[in-house]
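Notes to accompany the following structure.
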Amino acid sequence: MELETIIKDNSLLDIDYYSNHTERSRETKILLDAIYGKIGLLYNDYKDAKIEESNISFENDRIIGETPKFNDVQIPRFKNYISKSQNWICYVLELSHDSFFAKLEDLNNPNTYETAHFDIDEVSKEDLELLKVGAIFYWSVGYANQNGQVIKQSLIRFKRAVEITEYEFDEIADETKEIIKDLNWD
Amino acid sequence: MKNVIQVALIGTGGGYGECLVLNLGNNNWVVVDSCQDPYTKKSLPLEYLIELGVNIANDVKLVICTHWHDDHILGISELLKECKSSDFCMASSTDKEKFLLWVGFDSRKAHNDPVASSSKELSKCIKIIRERKSRLINAVQDRVIFSSDYDGIRSQITTLSPSDYVLQEFDKEISTLLKDYTTSEKIVYNTPNDKCVVIQINVNNQQIILGSDLEVSSDNRKGWLCILDHSTLVERNAKIFKIPHHGSENGHHERVWSEIIGINPIAALTPWSRGKKLPQIKMLRKYLEYTDHLYMTTQPNNNKPKLRDRRLSKAIEKFNSTVTEVKYQRGIICCKYDLSSQGSDWVIELKDGATLIQKDEINKTEKR
């Protein structure tokens, strides 16, 4: 089965922008990233894509002008990508021996929040030690494409801390000392 | 009308929060807490003040943060920024530098979170107060934080909590928390409800008690028993009572009603419908034993799944059928009193989802 995907009527590219095929200019890479990156491809998948001349220019790595159109261009084979997903950042509110209850902040439409119960079995082994009241996790439900195969999936991943560095610690401590001096604290 | 005083409870049900906008006469406006419209992300008390046509920059004299639960603090920095003549009041620990250090760490940890957080709001408020050189007033038991006596209108705001003991315990708690700033979870405090600021407002002979989220403890060095047993400034005839903690059992003590609140007062509360629904029907029945004037800002919701793309809804339902949306709705209970009119009484105006609770309605709901 053919595993290539055709993108129609999108901002893309047909012939070489530059005569030199082996060296990709920085501008070319920026342009390719701007287009392919949006649909979740990795650079290795599109680095050999061809492009046509256009009226675009670049200024400080920004694309100025309308990106060129193309018709029925075959692009390299996809590897893995998510085609549609709902994503939340979640906070564990309650925990029992086999389940937990969480508040879900909708990252797709950040307005009203949701709540849900989860089984502890849904948490991967590596994340179990992070499961506590107050813990933060990301939950994603949707459709993935793995080499052309559509898969419905649910992924839970607990947030790991980025340590506050010694530099940040000192910065906050110094800032606190300055704030205390100026604050009219009654 | 400068002789008309006003107490407006803005509530949202669902855990989106509650706040109060007070007019104490003589163009003295005070705001207690803040919450946000989840769609517009705007501060609800700020929007209300704009709707009323208040001169926000000059006439809001004080913004009070009773405690830093998200449902009482979101949008407070946006509000404070616009209230350019306002001081800011909140409870902090005994060691102020340590308190600011904790706020600094927690807001830095929350810096990369895509959602708002209480410590980010606190941090912004402190920055605003510092830049403006306004007063940051420490809330502690039996402290008068605002008073005005002009043109026949005497108004005063007193904080009835937290106690010195609670603030000292908070100091020890922060010392422990500061060691945990590298953990992956949202920092979990002993509930900020312990440190809630309960507010007493006196305008001429009218008294109002705002109960925030203060709960009852068996230890009379904290909670409602501390106010009942140790406060020297609490008066005993409140006409209006903002029922604490969404009408929960934890926030209720009979002595509060018999010793502090007057007979047949106006009582108002904001429900809560995230997880456990509050108030429970038995508590509504209990409150109706004390008053005929019980109001709720919104009706409790029956929560359902959020509307979204059909394919995604099916996928979510397949993996977890318990996902439900906590609906947002706003309600305002506005109590007004004309000081210039002899024999006057409080007039209640209900807006949006606000409702009067009656015994018949409760019985019908229970039968359903």
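The chains referred to below are lettered A, B, ... by the order of the sequence lines, with proteins before strands, and numbering in each begins at 1.
Between A:Thr115 and B:Val326 the shortest side-chain heavy-atom distance falls below 4.5 Å. At a threshold of 4.5 Å between non-hydrogen side-chain atoms, the residues B:Lys327 and A:Thr112 do not count as touching.
In this structure, no portion of A:Phe137 lies under 4.5 Å from any heavy atom of chain B. No part of B:Arg132 comes within reach of chain A, as not one of its non-hydrogen atoms sits under 4.5 angstrom from that chain. Proximity to chain B (any heavy atom under 4.5 Å) is shown, for A:Glu129, by neither the backbone nor the side chain. For a residue to count as touching a neighbouring chain, one of its non-hydrogen atoms must lie under 4.5 Å from one of that chain's; by this rule A:Tyr113 touches chain B with backbone and side chain alike. Proximity to chain B is limited to the side chain of A:Leu104, based on heavy atoms less than 4.5 angstrom apart.
Formation of a donor-acceptor pair under 3.5 Å by the B:Thr322 side chain with backbone atoms of A:His117 is found in this model.
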side-chain contact (heavy atoms from CB on, under 4.5 Å) between A:Trp139 and B:Val323, intermediate numbers included: CA-CA 12 Å; A:Trp139 184 35; B:Val323 177; 3.7 Å; yes

Pair A:Asp186-B:Asn138, side-chain contact (heavy atoms from CB on, under 4.5 Å): steps then yes or no: CA-CA 6 Å; A:Asp186 196 358; B:Asn138 209 33; over 6 Å; no

Test log, rule side-chain contact (heavy atoms from CB on, under 4.5 Å), inputs B:Leu101 and A:Ile172: CA-CA 7 Å; B:Leu101 201 57; A:Ile172 295 166; 4.2 Å; yes

Criterion side-chain contact (heavy atoms from CB on, under 4.5 Å) on A:Glu171 and B:Arg108, from CA distance to verdict: CA-CA 11 Å; A:Glu171 195 180 41; B:Arg108 183 67 65 101; 3.2 Å; yes

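Counted within 6.0 Å of CG on B:Leu307, heavy atoms from surrounding residues, nucleotides or ligands total 12 or fewer; the atom is thus considered open. For B:Lys81, the NZ atom counts as loosely surrounded, since its 6.0 Å shell holds 12 or fewer non-hydrogen atoms of other residues, nucleotides or ligands.
Note that NZ of A:Lys84 is 3.5 Å distant from CG of B:Asp309, once rounded to the nearest 0.5 Å. One distance of note links CD of A:Gln153 with CZ of B:Phe319; it measures 7.5 Å at 0.5 Å rounding. Rounding to the nearest 0.5 Å places CG of A:Leu183 at 10.0 Å from OG of B:Ser134. Taking CG of B:Asn320 as the start and CD of A:Glu114 as the end, the distance is 10.5 Å to the nearest 0.5 Å.
Across A:Ala173, A:Ser85, A:Ser154, the residue that shares the most heavy-atom pairs under 4.5 angstrom with chain B is A:Ser154. Interface summary for chain A: among B:Leu100, B:Thr40, B:Asp37, the most heavy-atom pairs under 4.5 angstrom belong to B:Leu100. Among A:Ala102, A:Gly142, A:Pro110, the residue making the largest number of heavy-atom pairs under 4.5 Å with chain B is A:Pro110. Per-residue heavy-atom pair counts under 4.5 Å with chain A were compared for B:Ile126, B:Thr324, B:Ile145, and the maximum is reached by B:Thr324. Between chain B and the options A:Glu122, A:Lys103, A:Gln86, A:Glu94, heavy-atom pairs under 4.5 Å are most frequent for A:Gln86. Looking only at heavy-atom pairs under 4.5 Å with chain A, the residue among B:Lys318, B:Lys96, B:Glu97, B:Lys133 that has the most is B:Lys96.
In this structure, A:Trp185 and B:Phe99 have perpendicular ring planes: the angle between them is above 60°, well past the 30° mark.
In this structure, A:Asp106 pairs ionically with B:Arg308, as a charged nitrogen and a carboxylate oxygen lie closer than 4.0 Å. Between B:Lys127 and A:Asp182 there is no salt bridge, since no side-chain N of the basic residue sits under 4.0 Å from a carboxylate O of the acidic one.
Between A:Asn111 and the choices B:Lys41, B:Lys306, B:Glu325, the side-chain hydrogen bond (donor to acceptor under 3.5 Å, both in side chains) rule is met once, by B:Lys306.
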